Amino acid sequence: MDLDNVKPDLVTREFLAVVLAGFGNELLPLTSDYGDEPCPKALLPVANKPLLEYVLVWIEQSGIKDVLLICPSAHRPSIYHHIHSDVSSSSLRIDLQTYDESRNDNTGTCALLRHFSSRISEDFIVVPCDFIPPSNLPLSLLLDKFRIDALSEACLATACFFLSRRSEKSLHFEEWGSLPSIYPIIWEPLTGTLLHIDTSDDQDRNSDEVELKMTLLSAYPRVKLSSSLDDSHVYVCRRSVLDILQEKPHFSSFREEFLPWLCKIQYRKSKQVKYQTDLDPPNPPTSQVLSLSHSSHFVTTRAAANSDSQGVLSASGVLEMDHALSTIRKVGLVVYNREAEAPMRINTLHNFYEMNRRILSGTTYTLPTDPKDRSLIDQRAQISVDSLIGESTQIFERTTIKRSVVGRHCVIGKAVKITGSILLDHCIVEDGTKLDNCILGKSTRVGVKAELTRCITQAGYEVPPGEIVKGEKLEVSDWMASPDTSIKQAQDPFIN
């Protein structure tokens, strides 16, 4: 047999990555439409690299080849152009699918998975487009956890939580909104089993206590309560999970509704019996009973968990363990607890700002490497080593840039001072302007000698000359512009 000529379609696909790219309402006004042109959250740049690229690279490094990318219909042209452009270096096979909804509809993950279930024929990984993992958290770590649990137990899903790293008080600007709440979880560290997730409904009923069933504590007597772990919203799931979702049409949120419900199957036998057809895999994995019969880890942790229904393991442990294996339904958990290089979801303006600054702290270069791009930067401009300048950006003399990210195709005038700010692509900053801890949406224009502090602008916003604004979200109210003005601006970017 010629192994070099084996057709790819003969190889069984183990996992499909399902990437969800929504509107990004939590990042308004950065994701507000630019006139008739949408600003997809998936393409929002972090350190001049689109969010989607961080996710696709992470998936590709794990060995997965196929991606189902789901986005709103309005975002399809922009995302399609990106994944087929030279900017994206991914070699993944991407199936781009869309759904019709407005920004206010807020379709949940469960509804999307049900709708596209016909395109998912194997075990799958749900990945949000806004997750930025550290280099020492490969996706293969989650996949291996799922594989191991699937061999020894009837694994339903594997989730990933990480130690939350809150923004410094000096960087937490109240004008940008509040930080999302972190709800407690119950888990068993020894076996990496997620047992309970508190939800917003639980907190509304009783915010001071965590309500647990006695059946949980009886089955898992040694558990840990954590209130500082954040959900990555990355889930490795069995294909049969979609069959269960079809029977739960009222579930909308995977994190708030379905995952907490899925955890209960592990210690509620009535649910195991009711959903046995969906829970039992059609092709059970190779039995590991013989190996586990010599494992003190399995005996000590699982014998107690099943003693009330399965009885104590016999000396050989084979028959009793085989029976126990067939009834265990597990939700696995991978906990990343390193605070130094923590993952982050870009689901708030604070996180977007902090992740840019975090990447800057490890930056070893500042200017574009292309000589043509370097020639656009005046030698008398001062740019600190912890700043990042995008390609085709022009910077004039006596301008100072510190701890900032300046996007591609920007024009920065004379004697401009930019500190701790993020400028997306195609921004124009005129002479004498001061920007302090700001985020400028793409194609923002800031007039001569304007001063902005802790401000965020919508794409295409124009700040009048001499304007002084602090702590505001600046959004466009009128998209009408005279043709003459547009022509003059195209000819001279600094014309008033």
Side-chain angles (χ1 to χ4, degrees), residues 15-27 30-31 40-64 67-71 75 79 82-83 88 90 92 94 108-109 112-113 124-143 145-146 157-167 179-180 182-183 185 194 197 228-237 253-256 259 332-359:
F15 292 105
L16 172 70
V18 181
V19 178
L20 305 178
F23 280 100
N25 291 339
E26 66 277 10
L27 294 173
L30 295 179
T31 53
K41 174 182 179 179
L43 301 184
L44 196 66
V46 172
N48 288 340
K49 180 179 177 180
L51 276 174
L52 184 60
E53 282 301 299
Y54 290 94
V55 171
L56 294 181
V57 169
W58 194 50
I59 293 172
E60 190 171 17
Q61 289 174 346
S62 72
I64 293 175
V67 173
L68 173 60
L69 175 55
I70 303 173
C71 71
H75 292 180
I79 294 179
H82 172 78
I83 61 181
S88 178
S90 172
L92 295 167
I94 300 177
T109 301
L112 292 176
L113 291 176
F124 60 98
I125 304 100
V126 178
V127 186
C129 72
D130 60 7
F131 182 64
I132 299 184
S135 58
N136 53 6
L137 179 60
L139 179 55
S140 57
L141 180 66
L142 279 69
L143 301 181
K145 168 67 173 172
F146 179 85
T158 298
C160 176
F161 281 68
F162 58 91
L163 188 64
S164 178
R165 176 179 171 180
R166 291 300 186 180
S167 304
L179 296 174
I182 296 180
Y183 300 126
I185 67 170
L194 181 62
I197 303 176
S228 59
L229 295 177
D230 207 350
D231 190 355
S232 68
H233 288 243
V234 177
Y235 313 113
V236 187
C237 302
S253 169
F254 197 101
R255 165 61 176 82
E256 285 283 327
L259 190 61
L333 177 66
V334 173
V335 176
Y336 184 92
N337 56 7
R338 300 180 185 178
E339 188 176 1
E341 192 180 355
M344 184 175 289
R345 285 196 64 210
I346 310 303
N347 57 351
T348 66
L349 292 168
H350 293 97
N351 286 358
F352 176 78
Y353 183 73
E354 182 178 342
M355 179 53 74
N356 274 278
R357 289 177 61 93
R358 187 188 301 181
I359 294 177

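The structure displayed is predicted, hence computed values, not measured ones.
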Report summary line: dist Leu333:CG -> Ile197:CD1 (nearest 0.5 Å) comes out at 8.5 Å
Report task. Measure the spacing between OG of Ser232 and CZ of Phe131 and express it to the nearest 0.5 Å. Result -> 4.5 Å
Query raised in the report: Taking all non-hydrogen atoms of both residues, which atom of Ile94 and which atom of Leu69 are closest, and how far apart?
Result: CG2-CB, 3.8 Å
**Report entry** Exercise: identify the closest heavy-atom pair between Ala21 and Ala42
**Finding:** CB-CB, 3.9 Å
Requested in this report: Report the distance from atom CD1 of Ile59 to atom OG of Ser140, rounding to the nearest 0.5 Å.
Outcome: 12.5 Å
**Report entry** Counterpart residues, ring pair (Phe, Tyr, Trp, His ring centres under 6.0 Å), relative to Phe352 (two or more places apart)
**Finding:** none
Query raised in the report: Looking at Val126 and Thr109, what are the two nearest heavy atoms and their distance?
Result: CG1-CG2, 4.4 Å
Query - Heavy-atom check, side chain of Pro343 versus side chain of Pro134, under 4.5 Å - result: yes
Requested in this report: Find out whether Leu112 and Val18 are in side-chain contact, i.e. whether some heavy atom of one side chain is under 4.5 Å from a heavy atom of the other.
Outcome: no
**Report entry** Straight-line distance of Ile70 CD1 to Cys129 SG, nearest 0.5 Å
**Finding:** 11.5 Å
Report summary line: In short, Thr31 meets Gly24 closest at the heavy-atom pair OG1-O, 2.7 Å
Query raised in the report: Partners of Glu26 by side chain to side chain contact (heavy atoms under 4.5 Å, CB included), sequence neighbours excluded?
Result: Lys41, Asp130, Asn347
**Report entry** With Val236 via side chain to side chain contact (heavy atoms under 4.5 Å, CB included) - residues at least two apart
**Finding:** Phe15, Ile125, Leu142, Leu143, Phe146, Thr158
Query raised in the report: Is there a donor-acceptor contact under 3.5 Å linking the side chains of Tyr183 and Asp231?
Result: no
Query raised in the report: Yes or no on side-chain contact (heavy atoms from CB on, under 4.5 Å) for Arg345 and Asp230, after CA distance, side-chain angles and deciding distance?
Result: CA-CA 9 Å; Arg345 285 196 64 210; Asp230 207 350; over 6 Å; no
Report summary line: Sequence neighbours excluded, the answer for ring pair (Phe, Tyr, Trp, His ring centres under 6.0 Å) partners of His75 is Phe23
Query raised in the report: Can you tell which of Leu51, Val127, Leu92 makes a side chain to side chain contact (heavy atoms under 4.5 Å, CB included) with Leu56?
Result: Leu92
Report task. Search all heavy atoms of Ile79 against all heavy atoms of Cys71 and return the closest pair with its distance. Result -> CD1-CB, 3.7 Å
Query - Any side-chain heavy-atom pair of Leu52 and Pro40 under 4.5 Å - result: no
Query raised in the report: Under 3.5 Å, is there a donor-acceptor pair between the side chain of Tyr54 and the main chain of Val46?
Result: yes
Query raised in the report: Where is the tightest heavy-atom contact between His233 and Pro128, given as atom of each residue plus distance?
Result: O-CD, 3.2 Å
Query raised in the report: Got Leu194 and Phe161 here, is their nearest side-chain heavy-atom distance under 4.5 Å?
Result: yes
Query raised in the report: Who pairs with Ser253 by side chain to side chain contact (heavy atoms under 4.5 Å, CB included), at least two apart in sequence or on another chain?
Result: Arg255, Glu256, Glu257
Report summary line: d(Ile132 CD1, Trp58 CH2) to nearest 0.5 Å is 11.5 Å
**Report entry** Listed partners of Cys237 passing side chain to side chain contact (heavy atoms under 4.5 Å, CB included), at least two apart
**Finding:** Phe124, Ala157, Tyr235, Val241, Phe254
Requested in this report: Any chance you could lay out the side-chain contact (heavy atoms from CB on, under 4.5 Å) test for Glu354 and Arg358, step after step, and finish with the verdict?
Outcome: CA-CA 6 Å; Glu354 182 178 342; Arg358 187 188 301 181; 3.7 Å; yes
